[in-house]
Amino acid sequence: MPKRPTRLIIDTDGGIDDALALILALRSPEVEVVGVSTVSGNVRVEQAAINALRVIELFDHRDIWVAQGLGNPLIRDPIRATSFHGTDGLGDSNLPQPRMRTRKESAIDLIVDQLNKEKDHGLTIVCIGPLTNIAAVLTNSPNISGRIGELLIMGGAFGLSRHGYGNVTPVAEFNIYSDPEAAKIVFESGIRVRAVGLDVTSAPENWLTSAEYSRVKATKNGVSVFATRILANTMQKRHMFELHDPIAVGAVIQPSLYHFIERSVKIETKGEYTTGMTVTERREEADNIWTENPIKICTNLKSQRFKRLFLGHLLKN
Ligand code: BDR
Ligand code: CA
């Protein structure tokens, strides 16, 4: 019997790679996106919702709900990544406003409702932005964690490869650095977490290259034209693009391409220089070795097969 698609909620902060990750999920028969929640991060939560609607409209998926979550990190001021993602979060691509609308309810309530409705506890939540919304869900509804099948996050820099260092500070990755208190709640929750961090997503063999971008640009379907447009400015400046969020989503679509190891990780919230660091137990042996709340951390990806999967979905008609 064919496997039933994994049902997903995707929580996004509205950047360029977020949009590409949504496209990958929406084109993949292995998963079924039931809802998209938005969070403050790369751009404001309202803009993240506009950008999610723009992607969903490409596919005319009116059955997928889109809702705004929290507009600020739990206790800190937001940081934005508009210098990289553009003021609109989509590379200053000047796309038309979407016609579809967000749901009126808060994403936090909709996530809880959706989890309570799921019959077989099969719902996976994929967080490709700061962990603010999911921390709020866990805090407001302490009994809900048992209903989350899996939490897959793009975030962290775990020091488990030579690329596993920070992209906002020497040690902190953007999604964790943006709301470390939220990340701490999630990492201490005991939920089954798989994390795909910079250790893998920053590795050059996983970047979108100029040659690959040219293939997308040369293909003229609705999805490839959209992707070409949102990538244009950054490809012109940097000649490469790090596929952080699509790589994370790919771990739900084709888990066999990914290698994970289990480690205990603590989130630094009080550091003078290290706030947002994902402090990872890398010791093999020690009397006081950390073993609590282990999470699965991605250490390797079959790059060529991932690229084939990702580009295949961008290029197909
Ligand atoms: C993460 O930060 C954001 O800018 C990207 O969208 C990705 O989720 C990478 O550190
Ligand atoms: Ca993101």
- Item | Backbone of W207 reached by a side-chain donor or acceptor of K307 within 3.5 Å | yes
Open item on the list: Can a donor-acceptor pair be found, under 3.5 Å and without considering hydrogens, that links the side chain of D245 to the backbone of L20?
Closed with: no
Got [X] and [Y] here, is their nearest side-chain heavy-atom distance under 4.5 Å?
X: L90; Y: F226; answer: yes
X: S202; Y: H244; answer: yes
X: H163; Y: P204; answer: yes
X: T169; Y: Y273; answer: no

Indicate whether any N or O donor in one side chain lies under 3.5 Å from an N or O acceptor in the other, for [X] and [Y].
X: D11; Y: S37; result: yes
X: D92; Y: N233; result: no
X: N51; Y: D18; result: no

Contacts of A67 meeting side-chain contact (heavy atoms from CB on, under 4.5 Å) (sequence neighbours excluded), chain-then-number -> W65, R103, A107, L110
Atom pairs and distances, side-chain donor-acceptor, residues 287-296, under 3.5 Å, sequence neighbours left out:
from: N288; atom 1: OD1; to: R283; atom 2: NH1; distance (Å): 3.1
from: E292; atom 1: OE2; to: K266; atom 2: NZ; distance (Å): 2.7

Kindly check if the number of other-residue, nucleotide or ligand heavy atoms within 6.0 Å of OH (Y177) is above 12? no
Look at atom CD of Q97 and say whether more than 12 heavy atoms of other residues, nucleotides or ligands are closer to it than 6.0 Å.
yes
Using a 4.5 Å side-chain heavy-atom cut-off and chaining through intermediate ILVMFWY residues, the residues clustered with I50 come out as none
In plain terms, say whether R7 and E150 are close enough for a salt bridge, that is, a side-chain N and a carboxylate O under 4.0 Å apart.
no
Quiz item: Should E118 and R147 count as an ion pair when the cut-off is N to O under 4.0 Å?
Solution: no
